Amino acid sequence: MTEQDKNHNPKTESEIEIERVYTTCKAMNDLPGKFPFTRGVQPDMYRTKLWTMRQYAGFSTAEESNKRYHYLLEQGTTGLSVAFDLPTQIGYDSDHQLAEGEVGKSGVAIDSLRDMEVLFDGIKLQDITTSMTINSTAAVLLSMYVALAKKQGADLKKISGTIQNDILKEYAARGTYIYPPKPSMRIITDIFDFCSREVPKWNTISVSGYHIREAGSTAVQELAFTLADGKAYLKAAIDAGLDINVFARRISFFFNAHNNFFEEVAKFRAARRMWATITKELGATDERAMMLRFHTQTGGSTLTAQQPQNNIIRVTLQALSAVMGGTQSLHTNGFDEALSLPTENAARIALRSQQIIAYESGVTQTVDPLGGSYFVETLTDEVEAAAWEYLKKIDEMGGAVAAIEAGYIQNEIANAAYRYQSQVQSREKIIVGVNRFHVDEPAFDDLLKIDDSIRKVQILKLQQLKAERDDEKVIVALTGLRTAAKENTNLMPHIIESVEHYATLGEISDTLRSVFGEYR
């Protein structure tokens with residue numbers, strides 16, 4: 001190949017050159033279910049059990065979201081995934097002045113255990129797995145979930161699910177943090193410790209590359225920065241005296257799936273191999289502690305407001321890459337989500353996309369069907385090598401926390417986002433229906449709309465709650481929480497006690513703010 005030919009090679013989203021044809025690759029003798037898990041974490045993968053089909057849902061009030069959950073369960077969803085509104089995510093009750101205009105908009109408003117009781121009305125927590133996309137207030141929402149499970153008479157040793165609980169990516173890419181990094185990491189290790197003893201089947205953290213990718217990173221950056229965050233959580237837990245062979249088994253990951261099909265498959269395969277190496281180097285000896293298990297969501301930032309029905313094709317390709325890459329759990333976006341929260345119709349089509357892949361495509365009949373492809377194996381190696389280069393730089397800076405504090409990760413993401421947008425504007429990258437293949441189309445108006453009156457409903461519920469609860473018990477519980485925060489004892493029992501006495505999310509968050517301060 002001449003240098004001129006080489007310069008004309010197409011590239012992946014991460015700027016990895018693609019050869020005209022691949023005629024060889026490294027010998028690959030890995031087996032699924034065996035270290036380093038390149039080919040999957042289970043020997044039989046989907047031949048034995050399909051991935052969990054989740055649909056991320058939550059909007060308006062707990063009553064409205066509960067109706068959507070029952071609808072999704074009736075349609076064949078096998079796991080729930082809760083979206084919370086912004087005030088809930090950053091520790092404000094619906095009556096807080098900073099909550100105005102945001103209550104129930106990007107997810108469901110949860111102010112207290114009473115809202116959680118309504119949210120899961122008619123749903124037995126012991127019979128379903130629940131994923132909650134929540135970070136700075138993860139300890140509070142998990143405590144509400146545990147308190148509700150206890151009220152339902154569930155065996156806490158049997159309830160299962162996941163909280164995202166990944167605060168580092170909030171500082172780097174998303175912004176829904178409350179406390180400074182050090183106390184935030186302390187809360188996370190408290191959750192690790194509590195759940196390992198009391199709720200052992202719960203996944204205590206879902207280290208999230210999803211939002212890093214949504215902020216504009218490449219696939220390689222998503223992989224590298226996510227694993228760097230995961231490594232930081234491992235070290236924090238080890239420093240807190242926890243056993244890596246216990247807590248690492250409850251760490252899961254959350255990745256994005258974008259449109260470059262083969263690069264996404266390679267990313268997922270490389271992720272498992274890299275995590276196995278990282279955990280082993282940090283002292284893990286149990287192979288179950290070395291397994292990278294992950295949830296995937298199709299790419300929200302890839303959805304277009306123009307010709308929105310084209311998004312059904314994008315979502316299908318992205319979902320297929322996640323399945324071919326060996327995901328344990330999958331959410332498919334509604335085609336209308338560039339315009340609004342998904343309607344019931346859009347959510348049903350998204351779920352049907354997963355079901356058609358699972359039951360009609362045949363891709364579940366063998367493990368790692370792309371394994372051994374010269375292209376896929378070579379690309380897996382190249383994605384991994386590029387990600388290790390980033391991890392080396394981050395380690396040299398002192399780890400993910402130091403790299404975030406120095407602005408390194410944020411700058412790398414911003415530069416990648418700028419580069420991508422420039423390529424779209426110059427039409428070097430084609431987005432169908434956006435910068436090529438236009439049509440005249442009427443405004444798409446079949447949208448889910450959330451009324452601002454939701455805040456008034458939530459405020460009335462808060463007023464009623466505070467009139468009916470035992471305020472003395474609330475004060476005693478919050479005082480105990482404040483003392484625990486100062487004395488560095490585990491916060492979780494105190495948060496659970498507070499929510500059981502119907503202290504609100506805002507009251508609990510403010511109690512911790514009074515000790516930890518806020519990150520600016």
Side-chain angles (χ1 to χ4, degrees), residues 56-66 68-69 80-121 130-148 161-167 169-170 174-179 184 187-188 191 206 208 210-211 254 341 448 450-466 478 481 491-492 495-496 498-500 502-513 518-519:
Y56 185 49
F59 60 93
S60 183
T61 61
E63 289 85 354
E64 289 300 312
S65 293
N66 176 261
R68 176 65 64 90
Y69 294 159
L80 296 177
S81 186
V82 185
F84 298 97
D85 71 0
L86 280 174
T88 302
Q89 292 181 48
I90 54 178
Y92 293 127
D93 289 334
S94 297
D95 58 0
H96 194 283
Q97 61 182 7
L98 293 179
E100 187 172 355
E102 292 293 344
V103 176
K105 293 291 179 70
S106 63
V108 62
I110 299 293
D111 291 322
S112 71
L113 175 59
R114 186 167 292 178
D115 284 328
M116 190 69 90
E117 291 164 356
V118 173
L119 186 67
F120 290 101
D121 184 41
T130 303
S131 174
M132 295 189 282
T133 303
I134 196 72
N135 296 281
S136 57
T137 54
V140 184
L141 272 301
L142 175 59
S143 294
M144 290 181 184
Y145 196 87
V146 168
L148 177 57
T162 304
I163 44 170
Q164 192 164 104
N165 196 28
D166 174 12
I167 201 64
K169 67 93 177 46
E170 297 297 329
R174 191 161 174 265
T176 64
Y177 44 73
I178 302 175
Y179 319 110
S184 293
I187 295 171
I188 289 169
I191 293 171
S206 178
S208 176
Y210 185 85
H211 303 96
F254 175 22
L341 293 170
L448 180 66
I450 307 298
D451 196 279
D452 283 333
S453 64
I454 297 302
R455 184 169 185 248
K456 295 177 182 176
V457 172
Q458 285 299 115
I459 290 173
L460 286 173
K461 289 199 295 185
L462 276 167
Q463 290 171 344
Q464 183 177 0
L465 173 79
K466 290 178 180 179
L478 292 176
L481 174 61
L491 298 172
M492 285 298 295
I495 298 175
I496 292 171
S498 298
V499 302
E500 287 179 330
Y502 293 93
T504 69
L505 174 131
E507 289 169 335
I508 293 167
S509 300
D510 283 346
T511 298
L512 295 177
R513 281 185 180 96
E518 289 187 280
Y519 182 73

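Throughout, numbering of the chain's residues begins at 1 and tracks the sequence. All of these numbers come straight from a predicted model, not from anything done at the bench.
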**Q.** side-chain contact (heavy atoms from CB on, under 4.5 Å) partners for T130, two or more places apart
**A.** L80, V82, F120, I128, M132, Y145
**Q.** Which atom of A147 lies closest to which atom of E500, heavy atoms considered
**A.** CB-CG, 3.7 Å
Q: Show your working on side chain to side chain contact (heavy atoms under 4.5 Å, CB included) between L491 and L481 and close with a plain yes or no.
A: CA-CA 7 Å; L491 298 172; L481 174 61; 4.0 Å; yes
Q) Which is it for I178 and I167 under the side chain to side chain contact (heavy atoms under 4.5 Å, CB included) test, yes or no, and what are the steps along the way? A) CA-CA 9 Å; I178 302 175; I167 201 64; over 6 Å; no
Q.
With side chain to side chain contact (heavy atoms under 4.5 Å, CB included) as the criterion, how do F254 and H211 come out once you've worked through the C-alpha distance, each side chain's angles and the decisive distance to 0.1 Å?
A. CA-CA 9 Å; F254 175 22; H211 303 96; 4.0 Å; yes
Q) For S498, what residues pass the side-chain hydrogen bond (donor to acceptor under 3.5 Å, both in side chains) criterion, not counting sequence neighbours? A) none
Q.
Applying salt bridge (charged side-chain N to carboxylate O under 4.0 Å, His left out), can you list everything that pairs with K461, at least two apart in sequence or on another chain?
A. E63, D115
Q. Who passes salt bridge (charged side-chain N to carboxylate O under 4.0 Å, His left out) against D121, sequence neighbours left out?
A. none
Q. What's the spacing between L142 CG and Q164 CD if we round to 0.5 Å?
A. 13.5 Å
Q | Heavy-atom closest pair, residues A138 and N165 | A | CB-OD1, 3.6 Å
Q. What is the minimum heavy-atom distance between G58 and L341, and which atoms define it?
A. O-CD1, 4.4 Å
**Q.** Residue pair L448 / R68, side-chain heavy-atom distance below 4.5 Å
**A.** yes
**Q.** Residues forming a side-chain contact (heavy atoms from CB on, under 4.5 Å) with E507, sequence neighbours excluded
**A.** K466, R469, V474, L478, A503, T504
Q | Heavy-atom side-chain contact between L119 and L148 under 4.5 Å | A | no
**Q.** Q463: partners by side-chain contact (heavy atoms from CB on, under 4.5 Å), with sequence neighbours left out
**A.** I459, L460
Q. Partners of R455 by salt bridge (charged side-chain N to carboxylate O under 4.0 Å, His left out), sequence neighbours excluded?
A. none
(Q) Please find the pair of heavy atoms, one from S206 and one from T162, that lie closest to each other, and give the distance. (A) CB-CG2, 3.6 Å
Q) With Q464, which residues qualify under side-chain hydrogen bond (donor to acceptor under 3.5 Å, both in side chains), at least two apart? A) E468
Q. Is a side-chain donor or acceptor of N135 paired with a backbone partner of D166 at a separation under 3.5 angstrom?
A. yes
(Q) Looking at every heavy atom in both D111 and D93, which two are closest together, and how far apart are they? (A) OD1-CA, 3.5 Å
Q. By salt bridge (charged side-chain N to carboxylate O under 4.0 Å, His left out), which residues pair with E64, not counting sequence neighbours?
A. K67
Q) Taking only residues two or more places apart in sequence or in another chain, which ones pass side-chain contact (heavy atoms from CB on, under 4.5 Å) with Q89? A) F84, L86, S106, I134, R174, T176
Q.
Distance check, rounded to the nearest 0.5 Å: Y502 atom OH versus M144 atom CE?
A. 10.5 Å
Q: Would you check if the side chain of Y69 reaches a backbone N or O of A57 as a donor-acceptor pair within less than 3.5 Å?
A: yes
**Q.** For S136, all residues meeting side-chain hydrogen bond (donor to acceptor under 3.5 Å, both in side chains), sequence neighbours excluded
**A.** none
Q. OG of S60 to CD1 of I454: how many Å apart, nearest 0.5 Å?
A. 3.0 Å
Q: Drop me the distance from F59's CZ to I450's CD1, to the nearest 0.5 angstrom.
A: 6.0 Å
**Q.** Shortest non-hydrogen separation from I110 to M116 and the atoms involved
**A.** CD1-N, 4.3 Å
**Q.** Distance (rounded to the nearest 0.5 Å) between E100 CD and S94 OG
**A.** 12.0 Å
(Q) What's the separation between atom CG in L141 and atom CD1 in I163, rounded to the nearest 0.5 Å? (A) 9.0 Å
Q | Residues which pass side-chain hydrogen bond (donor to acceptor under 3.5 Å, both in side chains) with D85, listed by chain and number, not counting sequence neighbours | A | T88
